[in-house]
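First up is the structure itself, then whatever we jot down about it.
Worth saying up front: this structure is predicted, and the values here are computed from it rather than measured. Chain naming here is simple, since letters A, B, ... match the order of the sequence lines and numbering starts at 1 in each.
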Amino acid sequence: MSNFSFPKTLRLLNSHDFKQVFDNAKIKVSNAEMLILACRSQHASPRLGLIIAKKNVRLAVHRNRIKRIIRESFRRQQHNLTNVDIIVLAKRGIDRLENQEVHERIDKLWRKVAQKAQR
RNA sequence: CGAGUCGACUAGACAGUCGCUGUCUGCGCAAGCAGAUGGAGGAAAGUCCGGGCUCCAUAGGGUAGGGUGCCAGGUAACGCCUGGGGGGCGUAAGCCCACGACAAGUGCAGCAGAGAGUAGACCGCCACGUUCGCGUGGUAAGGGUGAAAGGGUGCGGUAAGAGCGCACCGCGCUCCUGGCAACAGUGAGUGGCAAGGUAAACUCCACCCGGAGCAAGACCAAAUAGGCUUCCAUUGGCGUGACCCGCGCUGGAAGCGGGUAGGUUGCUAGAGGCUUGCGGUGACGCAGGUCCCAGAUGAAUGACUGUCCACGACAGAACCCGGCUUACUGUCGACUCGCUUU
């Protein structure tokens with residue numbers, strides 16, 4: 001298993017997909033900077049959706065940066081996650097973290113999600 | 001060397017690994033796979049102006065409303081830019097200015113002050129009266145108040161004064177000269193002379209502006225079906241979006257019940273970039289050559305590692321251009337002033 005690509009099949013694509021996760025959010029994991037909602041899905045692989053609110057991260061540059069880092073991390077960890085749909089919500093203050101810090105913290109959250117999904 | 005002014009450029013570089021996305025080519029029924037190649041900014045920002053484009057009528061007349069405001073030019077257009085005039089700031093390079101009209105009308109102005117607008121006697125000065133306390137009148141030269149007090153200086157004049165008269169300066173008007181014009185002038189004549197300020201106060205004058213925006217709009221699939229009830233009625237209703245006219249279409253409105261909200265396009269070849277020549281003081285224009293340079297849509301241009309250096313600021317396209325404003329890194333050039341040295 002050496003495929004680490006991130007095609008559209010690994011993303012939540014429309015409001016219907018997002019609504020499904022919000023309504024059936026069995027798994028909730030969070031820290032000071034972000035909140036993860038997730039639920040099991042019919043698909044073979046995990047899928048990711050991001051909500052970085054303008055209210056919480058004011059500058060577009062920071063919003064893009066955070067999205068890219070989370071996507072990159074998801075791409076590398078995708079085989080440790082099972083068939084769950086995941087939404088990551090950014091909280092206020094996340095734009096003050098350095099890139100490396102964001103990496104470390106999102107990695108911890110992935111592990112927690114994987115543990116909860118196993119049960 | 002220091003302080004400053006103006007202009008131009010720049011926005012870490014290179015290598016490797018793993019990813020995202022547009023296009024092209026090949027393979028494949030298809031999903032997709034492989035290769036090649038392109039992939040944020042000078043402000044992409046604020047959304048403050050102007051235009052293109054789209055629909056509303058091919059946007060036409062009037063009112064209301066809004067904008068602009070020295071002159072000439074540039075431009076698709078502008079509130080932008082260039083050149084010029086006038087005023088102000090700075091030793092200077094240079095910078096700043098909504099810079100039409102308050103001798104059309106209306107309004108506004110704290111404190112001080114006698115008086116703040118067809119001026120005005122508190123002190124003073126002068127004349128007359130006087131019970132010697134002062135009263136009546138004249139007077140804007142002097143004092144005082146104030147941001148601002150009705151042209152300035154001198155001479156004449158007078159009871160004391162005053163553009164009351166005169167000279168010079170200043171100001172208004174007419175003409176002349178220069179300039180396309182704004183405007184300028186040791187120009188000529190004329191008027192005693194102007195009784196304030198404020199128009200980003202109402203207003204007046206001149207010029208300009210139809211509205212809404214890519215969630216505009218177009219197409220495909222689906223659907224608005226069919227049906228029932230009630231009301232109004234062709235002088236009505238809708239398009240219509242500040243209002244009236246005008247124009248176009250047509251029976252219209254409400255309720256009951258059933259049902260859907262996915263995709264394609266618009267979407268990037270343009271008032272385009274670079275370059276050469278010519279015209280112009282310049283903004284810019286004309287002609288030739290050459291290049292194709294993001295097009296996402298839960299939203300791409302990133303992450304990590306290594307090396308180097310000046311150790312990397314502000315900041316992310318969403319239909320597209322031209323400006324303005326704001327944020328901010330570094331470099332270079334020209335010029336100004338000061339100091340030191342020669």
Side-chain angles (χ1 to χ4, degrees):
Chain A
M1 203 57 155
S2 59
N3 185 4
F4 286 99
S5 69
F6 185 55
K8 283 190 176 179
T9 50
L10 296 186
R11 307 179 208 174
L12 300 180
L13 288 174
N14 53 41
S15 61
H16 185 79
D17 293 343
F18 275 79
K19 202 166 187 308
Q20 281 283 308
V21 179
F22 274 114
D23 291 347
N24 306 300
K26 299 269 170 51
I27 304 167
K28 287 186 187 175
V29 179
S30 73
N31 61 13
E33 292 84 19
M34 45 202 147
L35 167 68
I36 293 183
L37 301 176
C39 71
R40 292 173 185 280
S41 71
Q42 315 300 318
H43 293 78
S45 47
R47 295 193 299 169
L48 177 69
L50 295 167
I51 298 181
I52 315 294
K54 209 172 188 176
K55 192 176 144 195
N56 294 332
V57 183
R58 207 172 57 77
L59 292 177
V61 171
H62 292 311
R63 286 199 295 278
N64 281 341
R65 198 190 89 217
I66 290 159
K67 284 187 204 170
R68 282 162 184 162
I69 291 168
I70 294 175
R71 267 199 292 269
E72 176 68 14
S73 178
F74 177 85
R75 188 174 69 77
R76 288 158 168 261
Q77 299 291 329
Q78 58 180 287
H79 300 299
N80 298 329
L81 300 164
T82 47
N83 57 327
V84 285
D85 286 352
I86 298 173
I87 296 180
V88 179
L89 292 101
K91 292 185 185 175
R92 198 180 291 247
I94 192 169
D95 54 329
R96 284 197 288 273
L97 295 178
E98 293 296 312
N99 288 0
Q100 205 172 351
E101 293 179 291
V102 178
H103 264 290
E104 288 166 5
R105 297 186 192 199
I106 193 71
D107 280 352
K108 282 184 190 169
L109 293 178
W110 294 143
R111 264 176 258 140
K112 286 188 188 175
V113 170
Q115 281 173 18
K116 290 203 176 185
Q118 290 295 316
R119 293 181 201 152

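B:rG7 and B:rC95 have their C1' atoms separated by 15 Å, given to the nearest Å. Of the P atoms belonging to B:rG211 and B:rA242, the separation is 9 Å, rounded to the nearest Å. B:rC102 sits 11 Å from B:rA199 when the P atoms are compared, rounded to a whole Å. Rounded to whole Å, the C1' atom of B:rU82 lies 15 Å from the corresponding atom of B:rG323. Only the P atoms considered, B:rA313 is 13 Å distant from B:rA13, to the nearest whole Å. Nucleotides B:rC214 and B:rG266 place their C1' atoms 7 Å apart, quoted to the nearest Å. Between B:rU331 and B:rA317, the distance separating the two P atoms is 29 Å to the nearest Å. Nucleotides B:rA162 and B:rU139, compared at atom P, are 12 Å apart to the nearest Å.
With a 3.5 Å ceiling on both atom-pair distances, B:rA92 lacks any Watson-Crick or G-U wobble partner. Both distances falling under 3.5 Å, in either a Watson-Crick or a G-U wobble arrangement, place B:rC219 opposite B:rG263. The partner of B:rC9 is B:rG330, by the rule that a Watson-Crick or G-U pair needs both atom distances under 3.5 Å. For B:rG279, the paired nucleotide is B:rC284, the pair qualifying as Watson-Crick or G-U wobble because both relevant distances are below 3.5 Å. Pairing partner, B:rA103: none, since no Watson-Crick or wobble contact has both distances short of 3.5 Å. The base-pairing partner of B:rA159, taking Watson-Crick or G-U wobble contacts with both distances under 3.5 Å, does not exist among the strands shown.
In this structure, of B:rA299, B:rC18, B:rU301, it is B:rU301 that holds the atom nearest to the side chain of A:Arg68.
Residue A:Arg63 is classed as having no contact, given no heavy-atom separation below 4.0 Å to the nucleic acid.
Taking syn as a glycosidic angle within 90° of 0, B:rG163 qualifies as syn.
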